[in-house]
Chemist: 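Pasting a structure here, questions to come.
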Protein chains: 2
Amino acid sequence: MTVRTKTKRERVAAKEEAIVAAATDAFLQGGLRAARMAEIAKAADVAEGTLYLYFRNKEALFAAVVERHWQGLTAGAKKAVGQHDEPMDQLESLARFTLTRILDDWALFELTFAVHYGSEGGDAPDNRRDYVKEFDRVIERGIDRGQFPATVPVRNLRDLFFGCLEYSSRSMLARRRSKPDDYEATIRMVMAAIAGAAGARQPTPARAAPDRLEAAVDRLEELLAQHEPG
Amino acid sequence: MTVRTKTKRERVAAKEEAIVAAATDAFLQGGLRAARMAEIAKAADVAEGTLYLYFRNKEALFAAVVERHWQGLTAGAKKAVGQHDEPMDQLESLARFTLTRILDDWALFELTFAVHYGSEGGDAPDNRRDYVKEFDRVIERGIDRGQFPATVPVRNLRDLFFGCLEYSSRSMLARRRSKPDDYEATIRMVMAAIAGAAGARQPTPARAAPDRLEAAVDRLEELLAQHEPG
DNA sequence: CGAGAGAAATGAGCAAGCCTCATTATTAGT
DNA sequence: ACTAATAATGAGGCTTGCTCATTTCTCTCG
């Protein structure tokens, strides 16, 4: 045929998309374990064997589902940050976006934690990396503008930010009531914590004797770590 | 026989313990999916069918492993808190204990996230509940002593505390370097954030070394206790 | 002490499900 | 239209969680 609606690559991409979409539905109901490859194949309208032309195994398909979800999240985060100019406004926007999306798609978010198992390869995907990078960008911009001290501990701030948001989501979903109040309280607390910690300066330890003790403890802990597994 | 070394209940409990211990080893290598019931049975020196007399299925055995781990953690947390009198000291001790244990037994801690899947029953176990309750107790005591305002948002503080600690552990393990510095920086940030958000006074510095020593001694005593009976 | 009932443990076999691969269908270039 | 290359199929193999008929152990009572 001289006239074709789609190229081969497009058709392949569309089929891959159909498979991932069907797999997403399947994994959302019961997780990695309960999902059946046969049902995914049927939902995607392909043979079971075809799944293995696109993904090495069930784990790889699962990883693709999660990765796709995080790509969407990252795009949304970029957009949320881009809607503001002031770094603190950008952070609040990012916080609201993060909290909202985790609460809305909790089941999908939770799948993230199940990715690692079974991937016998040594590579660690870490889908969150690109997402949290948005936070770093905002902070760096704040430093450039002189609004944060250059010594601000970005990594620790980032852990505080996302850790608090993720954990708060979990406990908000655990108790199913009073969402709006909790939501605002969480945002307020995260923003206050960031503001406080970003402006605070690091205290200098400056002690001699404790250092010696700590060195000794280091040795002990090292020994413990060695003897613990056996 | 008139003389018996153990009662029936004790023997049953011992066997259950052996099964859980063997299962822990198995699940630590490859997670829920890769562990084989046959190997667990062999390691526990029982027949495969016997496993199902003690646990309904693989998921239930897995849940038991995780629950046992959290019971140990909770006991340790109680002890860490009990070593101090001032609420802020108690919190720092709890923070150090939490961070240390998560970093040490990350693989075991990570299994927590895989519990939910496959448990078709509607009950949510939430092994962390008792653990985080220790935090609440400290805060409540601080309120009673008049060191925190009675309006302090306990739940949000708790989310901040544990969320930051857990997330920090994850990222500290993701990049494998510079543990001691990160460790202290994380503790400092968590305590500062809590102090700021709770409206309390900053903890007196230079307590870091004693706390670390005590945490190390705790670990030593725990290991000794474990190795003594077996 | 011995018998026997009840409890506990066993492991061969079944069923379910992931994955392979020989076979069939489709596509694209000449 | 022919053909080589590529894509798709699905029946079957193989692993593995789990069951249950059978065996082994334990404890009580005559």
Chemist: Is any side-chain N of the basic residue among Glu48(B) and Lys42(B) closer than 4.0 Å to the acidic one's carboxylate O?
Modeler: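 So Glu48(B) does not pair with Lys42(B) through a salt bridge.
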Chemist: Starting from P on dT27(C), measure out to CZ on Arg11(A) and report it in whole angstrom.
Modeler: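 Interatomic distance, CZ of Arg11(A) to P of dT27(C): 6 Å.
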Chemist: Considering residues at least two apart in sequence or located in another chain, which fulfil the side-chain hydrogen bond (donor to acceptor under 3.5 Å, both in side chains) criterion with Tyr54(A)?
Modeler: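 side-chain hydrogen bond (donor to acceptor under 3.5 Å, both in side chains) check on Tyr54(A) returns nothing, list empty.
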Chemist: Take atom CZ of Arg56(A) and atom P of dC19(C), then tell me their distance rounded to the nearest Å.
Modeler: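 Taking atom P of dC19(C) as the reference, CZ of Arg56(A) is at 11 Å.
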Chemist: Return the value, rounded to whole Å, for the distance between atom CZ of Arg33(B) and atom C1' of dG17(D).
Modeler: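 The answer, rounded to whole Å, is 13 Å.
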Chemist: Using rotation axes that map the C1' atoms of four end pairs onto the next four (five pairs an end), what angle separates the end axes of the helix from dC1(C)-dG30(D) to dT30(C)-dA1(D), to 10°?
Modeler: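 The end-segment axes of the helix from dC1(C)-dG30(D) to dT30(C)-dA1(D) are tilted 0° relative to each other.
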Chemist: Using a 4.0 Å cut-off on protein heavy atoms (strictly under), produce a 5'-to-3' string for nucleotides 9-16 of chain C with B for base contact, S for backbone-only sugar-phosphate contact, and - for none.
Modeler: BBB-----
Chemist: Do Thr100(B) and Thr98(B) have side chains that approach each other closer than 4.5 Å (heavy atoms only, starting at C-beta)?
Modeler: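 Thr100(B) does not reach Thr98(B) side chain to side chain.
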Chemist: Check the orientation of Phe109(A) and Trp106(A). Use parallel for under 30°, tilted for 30 to 60°, and perpendicular for over 60°.
Modeler: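 Ring orientation of Phe109(A) relative to Trp106(A): tilted.
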Chemist: Which whole-number value in Å describes the distance from Lys42(A) NZ to dT9(D) P?
Modeler: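 To the nearest whole Å, that distance equals 14 Å.
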Chemist: Take the protein atom CZ of Phe62(A) and the nucleotide atom P of dC18(C), then report the distance between them rounded to whole Å.
Modeler: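 In whole Å, dC18(C) P and Phe62(A) CZ are 14 Å from each other.
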Chemist: May I have the distance from Lys58(A) (atom NZ) to dT20(C) (atom P), rounded to whole angstrom?
Modeler: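 Roughly 14 Å, once rounded to whole Å.
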Chemist: Just how far, in rounded Å, is P of dG17(C) from CD1 of Ile40(A)?
Modeler: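 Ile40(A) atom CD1 is separated from dG17(C) atom P by 12 Å.
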Chemist: Between the side chains of Asp182(B) and Arg155(A), is the shortest nitrogen-to-carboxylate-oxygen separation below 4.0 Å, so that they form an ion pair?
Modeler: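 Asp182(B) and Arg155(A): salt-bridged.
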Chemist: Please report the C-alpha distance between Phe162(B) and Tyr131(B) in whole Å, then the side-chain angles of each, then the deciding distance to 0.1 Å, and finally whether the ring-ring contact (aromatic ring centres under 6.0 Å, His included) criterion is met.
Modeler: CA-CA 10 Å; Phe162(B) 290 109; Tyr131(B) 190 87; 5.8 Å; yes
Chemist: Is the shortest distance from a Lys or Arg side-chain nitrogen in Glu92(B) or Arg96(B) to a carboxylate oxygen in the other one below 4.0 Å?
Modeler: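 Answer for the salt bridge query: yes.
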Chemist: Under 4.0 Å, heavy atoms only, any strand: does Ala35(B) hit a base, just the sugar-phosphate, or nothing?
Modeler: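 If one applies the 4.0 Å heavy-atom cut-off, Ala35(B) turns out to touch the sugar-phosphate alone, with no base involved.
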Chemist: Is any side-chain N of the basic residue among Glu59(B) and Arg33(A) closer than 4.0 Å to the acidic one's carboxylate O?
Modeler: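 Here Glu59(B) pairs with Arg33(A) in a salt bridge, since their nearest N and O are under 4.0 Å apart.
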Chemist: If the threshold is 4.0 Å, N to carboxylate O, is there a salt bridge linking Arg128(B) and Glu166(B)?
Modeler: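 Yes.
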Chemist: Measure from CE on Met37(A) to C1' on dC18(C) and round the result to the nearest Å.
Modeler: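 The answer, rounded to whole Å, is 7 Å.
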